[in-house]
Amino acid sequence: MSKLTGSIKATQFTESVIREMTRLNDVYGGVNLSQGFPDFPAPAAIKEAACAAIRADINQYAVTWGAPALRESIARDFTRRHGLTIVPDEQVTVCCGSTEAMMSTMMAIIDPGDEVVIFEPFYENYGPDAILSGATPRYVTLREPDWTFDSGELSAAFNDRTKAIILNTPNNPTGKVFAREELDAIGALCRKWGAIAISDEIYEHIIYDGHRHIPIATVAGMADRTVTINGLSKTYSVTGWRVGWTISPPSLTGAIRKVHDFLTVGAPAPLQEAGAAALGLTDQYYLDLAEQYRVRRDALLEILERHHFTCYKPYGAYYIMTDISAFGFADDVEFARYLVKDVGVAAVPGTSFYKSTGAGRTKLRFCFCKRDETLWEADRRMAKLVPSIERRSPGRSPAA
Ligand SMILES: Cc1ncc(COP(=O)(O)O)c(C=O)c1O
């Protein structure tokens, strides 16, 4: 038998559909509302801090688990805003983006046979993360329109083998912000079964309509069983910098740091210095960020609804999950390909956020971390879209 093949692990997942949509978009010259990266500039102050760090010759390996200035800023910021004391030397590990922070955490805590509870729809990476770390995923569905979970279903997903639950709040792709009662229920199950909460909070500052972000680490009894994951990418519009981090209980930090060390040695040194400057921005920066995204959210909601999408209004993060049933396509992938190729707008097929067979086939995710002009151009191109009822009987209104 040929040995010139990928590993069994590598055959168990496909290439990222989100990144594939970006590539297709480039081929067809579309408007990219698929992959979640801003097309507007990052804050000048932090770009200056990065250039200054390079000029000051901070160009060699940083401390493996993170430059002291950044780790101190991360700990100070979390303690100040959430009232939970974090000790940088014992709890903070800086990684190459929250992507690596999640992977290092899972590889550090999972043994073969361990189960991990994952809410679906989920951020695409969590599936391969589970496979690569050897975890057996147990999916629990968040149901529209509010993306709530059934508490019976959640408790049935936990057992003696449950090592962890992956949480993402504010949530990609749904925009759900987990409420206090939901976090309490998750916390109670973690405590009952001795499980760890791995909480991806990368959109914590992008939150709307009076919703509040609550880190599950602050729920009673969860500080010593939560790994909080965050990063610079979304809050400071620097997805290409690749700086993220974990805040872990001291009992888990050593394992996470060892895995991180042998995966990447360390995150980019000058950009970590800039990260420390970023975390020092005033509270007004975060208020403005959320308000600017609220305006973009409302603009894209209006555009999509006008073009016959059914939208689930997000309360956090920068994505809108939509229902595409009105267009009468066989499934989400066929519609997404039509949208990028013939209409010129890229979005992400819903099935890439689900594991359960058939789930997500009527859904499509759009992102709105884009300039007004980009959203307007998407609007202009989508004028081509016609709901199936109108295609069958031209001239009738969709509601007829
Ligand atoms: C929920 C979630 N976590 C993590 C990431 C990746 O973050 P990073 O750029 O820090 O690796 C993304 C990017 O879209 C995301 O949506």
Side-chain angles (χ1 to χ4, degrees), residues 15-22 32-39 42 46 66 70 74 92-107 116 118-130 132-133 142 147 165-178 197-207 213 215-216 227-247 256 260 263-264 266-268 271-272 274-275 278-279 293 297 314-321 346-348 350 352-354 365-370:
E15 73 165 296
S16 157
V17 180
I18 299 178
R19 267 84 78 191
E20 189 200 352
M21 288 314 297
T22 288
N32 191 357
L33 302 187
S34 59
Q35 198 177 356
F37 60 85
D39 67 351
I46 73 166
L70 178 56
I74 292 165
V92 179
T93 307
V94 178
C95 296
C96 295
S98 47
T99 299
E100 192 242 317
M102 177 63 77
M103 192 73 250
S104 289
T105 301
M106 290 187 66
M107 291 182 79
V116 172
I118 302 176
F119 287 109
E120 93 175 341
F122 52 84
Y123 171 55
E124 208 193 11
N125 282 30
Y126 303 155
D129 286 346
L132 290 171
S133 64
L142 298 172
W147 306 104
I165 179 167
I166 298 181
L167 187 67
N168 172 216
T169 182
N171 183 261
N172 172 9
T174 65
K176 175 187 175 66
V177 178
F178 282 73
I198 308 174
S199 188
D200 179 342
E201 302 181 4
I202 188 158
Y203 297 103
E204 75 163 311
H205 291 288
I206 303 176
I207 198 158
H213 170 67
I216 194 167
V227 180
T228 306
I229 289 178
N230 212 322
L232 299 181
S233 284
K234 312 291 176 172
T235 307
Y236 305 103
S237 306
V238 287
T239 58
W241 280 18
R242 316 308 306 130
V243 178
W245 54 84
T246 59
I247 300 177
I256 294 171
H260 157 69
L263 278 179
T264 67
L271 304 183
Q272 293 193 51
L279 279 137
Y293 274 124
R297 175 200 66 171
Y315 296 108
Y318 49 48
Y319 306 95
I320 299 176
M321 197 62 147
V348 183
S352 59
F353 304 103
Y354 287 87
R365 188 203 74 176
F366 291 85
C367 69
F368 54 85
C369 44
K370 304 293 171 185

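Ligands are counted one by one from 1 in listed order, and the atoms in each one are counted from 1 as well. Sequence positions, counted from 1, serve as the residue numbers for this chain.
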Original post:
So do Glu100 and Arg242 actually touch side chain to side chain, heavy atoms under 4.5 Å?
Top reply: no
Original post:
Parallel, tilted or perpendicular: which describes the rings of Tyr318 and Tyr293, with under 30° parallel and over 60° perpendicular?
Top reply: tilted
Subject >> Tyr236: partners by side chain to side chain donor-acceptor pair (under 3.5 Å), with sequence neighbours left out >> reply: Tyr286
Original post:
Using the benzene-type ring in the case of Trp, are the ring centres of Tyr203 and Tyr319 under 6.0 Å apart?
Top reply: yes
Subject >> Set of residues satisfying side-chain contact (heavy atoms from CB on, under 4.5 Å) with respect to Thr22, sequence neighbours excluded >> reply: Asp26, Asn32, Ser34, Gln35, Phe37
Subject >> Results of side-chain contact (heavy atoms from CB on, under 4.5 Å) for Ser133 - residues two or more places apart only >> reply: Met103, Met106, Met107, Ile110, Ala135
Original post:
List by chain and number: which residues place a heavy atom under 4.0 Å from ligand 1?
Top reply: Gly97, Ser98, Thr99, Tyr123, Tyr126, Asn168, Asn172, Asp200, Ile202, Tyr203, Ser233, Lys234, Arg242, Tyr319
